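The structure appears right after this line, and notes come after that.
Keep in mind the model is a prediction, meaning the values are calculated, not measured. Sequence lines set the chain letters: A, B, ... in the order given, protein chains first and strands last, and positions in each chain run from 1.
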Number of protein chains: 2
Amino acid sequence: MRILLVEDDRDLGPRIARALRDERCAVDLVADGIDAAHLGETEQYDAAVLDLGLPGQDGIAVLRAWRGAGRDLPVLVLTARDGWSDKVAGFKAGADDYLVKPFRVEELVMRLRALVRRAAGHAQPLLRAGPLSFDAPTGTFELDGLPLKLTALEWRVLSQLMLRKGAVIERLDLLEKVYEGDADTDSNSLEVIVGRLRKKIGAALIETVRGRGYRLVGA
Amino acid sequence: MRILLVEDDRDLGPRIARALRDERCAVDLVADGIDAAHLGETEQYDAAVLDLGLPGQDGIAVLRAWRGAGRDLPVLVLTARDGWSDKVAGFKAGADDYLVKPFRVEELVMRLRALVRRAAGHAQPLLRAGPLSFDAPTGTFELDGLPLKLTALEWRVLSQLMLRKGAVIERLDLLEKVYEGDADTDSNSLEVIVGRLRKKIGAALIETVRGRGYRLVGA
DNA sequence: GCTCCTTATGCGTATCCTGCTCGTCGAGGA
DNA sequence: TCCTCGACGAGCAGGATACGCATAAGGAGC
């Protein structure tokens with residue numbers, strides 16, 4: 001899961017980033033509105049967390065820029081002010097959710113997960129694929145009912161596949177979402193991770209689509 | 001827009017209903033958990049607003065019942081309690097958003113709008129052409145209802161044709177799209193691919209337009 | 001120390017292109 | 001209308017290639 005975090009507070013930004021990374025997310029943290037607008041338009045993210053009070057460019061303007069460019073990634077907006085007009089402006093510009101500071105980081109994570117789950121077209125908090133189940137709110141996998149222990153990268157790959165079960169996920173998409181920004185295309189690390197995943201959950205579950213990517217077989 | 005509103009407060013319920021109707025929503029207001037579970041499972045709504053403190057049946061149980069029945073309508077949960085565990089339980093049961101009483105009705109309306117907007121973005125129809133169907137989100141083809149196995153280049157060609165079904169796709173356009181820029185014009189590789197495709201899906205489906213390109217016959 | 005991630009190598013195979021011949025289409029003229 | 005000729009596309013098969021997998025070794029981080 002790759003998240004774009006736009007937060008200029010030098011204390012809060014890294015704190016959120018750490019919490020998200022603890023939840024196995026790949027996080028790109030930017031403090032500037034210009035960078036945020038650019039990254040959001042060009043890179044592939046599963047969701048964005050956007051602070052409204054930014055230097056350089058207003059958060060709302062950033063959001064408008066994304067939407068204007070046709071980006072429909074889920075956006076969770078943060079604000080220090082509790083102002084009503086702020087919320088109105090945020091939603092009008094296309095925000096999906098809203099959180100007022102101060103907040104519990106756990107709540108942010110939960111809301112983010114709910115957003116991503118919904119954006120993937122799933123309402124069910126529990127996703128299944130054969131013997132595999134994925135609890136979206138907590139982000140835990142189970143295999144045949146037993147907790148499945150995965151490393152961070154394994155988790156990112158498998159959750160991507162799970163969120164779009166049955167769909168072909170392109171190699172490049174996977175690389176972009178799994179690695180933070182710097183995806184190295186000529187490296188076989190993705191194959192190695194997939195290989196280890198297959199060893200853990202059974203080779204049949206992850207299907208290779210030669211020349212394109214991988215697919216989690218539905219069931 | 002049709003909304004299911006589950007709220008037992010005799011004052012708040014009608015107030016929310018009125019506000020939603022002012023926004024041109026069709027609102028069904030129920031005060032009882034049993035009715036709520038039943039309506040949510042049988043009727044078609046664009047979204048639901050669900051109060052957690054209900055007589056008869058717990059709100060969480062209602063939500064679980066909907067999700068258990070495969071209902072994936074967006075659900076916004078209301079609660080009087082500000083307890084953290086409440087939120088966790090709500091999200092775990094499959095809620096999409098959460099609002100703590102007291103709140104401004106306008107905020108409820110806006111959050112609901114955001115939910116519906118995002119949920120609506122996923123209705124993408126299946127593309128069909130004769131016995132062939134293409135599911136764009138998952139990127140998979142089916143022939144007579146059976147999954148069709150294609151190589152990377154075959155897939156690119158066929159999806160190009162499918163996305164502009166009925167139109168003539170020029171050779172050069174196809175070459176550009178299939179070979180991403182470095183297309184070799186004096187080579188018959190495209191013909192070879194088309195030939196293999198015809199062998200897989202039936203020769204009649206892809207029509208040759210001499211001197212220009214190919215056309216996927218519509219149906 | 002351990003776990004985890006990356007890189008490097010070799011190998012088997014699906015996939016793709018080349019180069020060829022043959023069939024077919026269509027324009028132009030009688 | 002019919003015929004002829006040139007150009008375009010189809011089909012085939014061989015070999016080259018790139019793709020993905022397994023495995024092991026090297027390092028980084030906790």
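We find that K149(A) and E154(A) are not joined by a salt bridge, their nearest charged nitrogen and carboxylate oxygen being 4.0 Å or further apart.
Proximity note for R210(B) (side chain, C-beta onward) versus dG9(D), dC12(D), dC5(C): the nearest is dG9(D). For L153(B), whose side chain is taken as the heavy atoms from C-beta onward, the closest listed nucleotide among dC5(C), dC16(C), dT7(C) is dC16(C). Listed nucleotides dC4(C), dT7(C), dC16(C) differ in distance to S187(A); the shortest reach to its side chain belongs to dT7(C).
Contact check, T208(B) against dA10(D): a side-chain N or O comes under 4.0 Å of OP1 or OP2. Between Y214(B) and dA10(D) there is a side-chain N or O to OP1 or OP2 distance below 4.0 Å. Contact check, S189(B) against dT18(C): no side-chain N or O comes under 4.0 Å of OP1 or OP2. The side chain of R171(A) contributes an N or O atom lying less than 4.0 Å from OP1 or OP2 of dG20(D).
Atom CD of E170(B) is separated from atom P of dG9(D) by 11 Å (rounded to the nearest Å). Rounded to whole Å, atom C1' of dA10(D) lies 10 Å from atom NZ of K199(B). For the pair Y179(A) OH and dT7(C) P, the interatomic distance rounds to 8 Å; values are reported in whole Å. Residue K200(B) contributes atom NZ, which lies 16 Å from atom C1' of dG11(D) at whole-angstrom precision. I193(B) places its CD1 atom 18 Å from the P atom of dA14(C), with the value rounded to the nearest Å. As a whole-Å value, the separation of W155(B) CH2 from dA14(C) C1' is 19 Å. Following rounding to the nearest Å, L197(A) (CG) and dG20(D) (P) show an atom-to-atom distance of 16 Å. As rounded to whole Å, 13 Å separates atom P of dT23(D) from atom CZ of R196(A).
Proximity of a side-chain donor or acceptor of R24(A) to a complementary backbone N or O of W155(A) within less than 3.5 Å is not detected.
Side-chain atoms of N188(A) and base atoms of dG20(D) include no donor and acceptor less than 3.5 Å apart. A donor N or O paired with an acceptor N or O is not found under 3.5 Å between the base of dA10(D) and the side-chain atoms of R198(B).
Looking at heavy atoms from C-beta onward, E107(A) lies in side-chain contact with W84(B) at the 4.5 angstrom threshold.
DNA chain D is contacted by both E191(B) and R212(A); E191(B) maps to the nucleotide lying nearer its 5′ end (nearest heavy atom per residue).
Heavy atoms of V192(A) sit under 4.0 angstrom from at least one base atom.
No side-chain donor from either of D173(B) and Q160(B) sits under 3.5 Å from a side-chain acceptor of the other.
The side-chain contact (heavy atoms from CB on, under 4.5 Å) test with L132(A) is passed by exactly one of L127(A), L161(A), D144(A), L158(A): L158(A).
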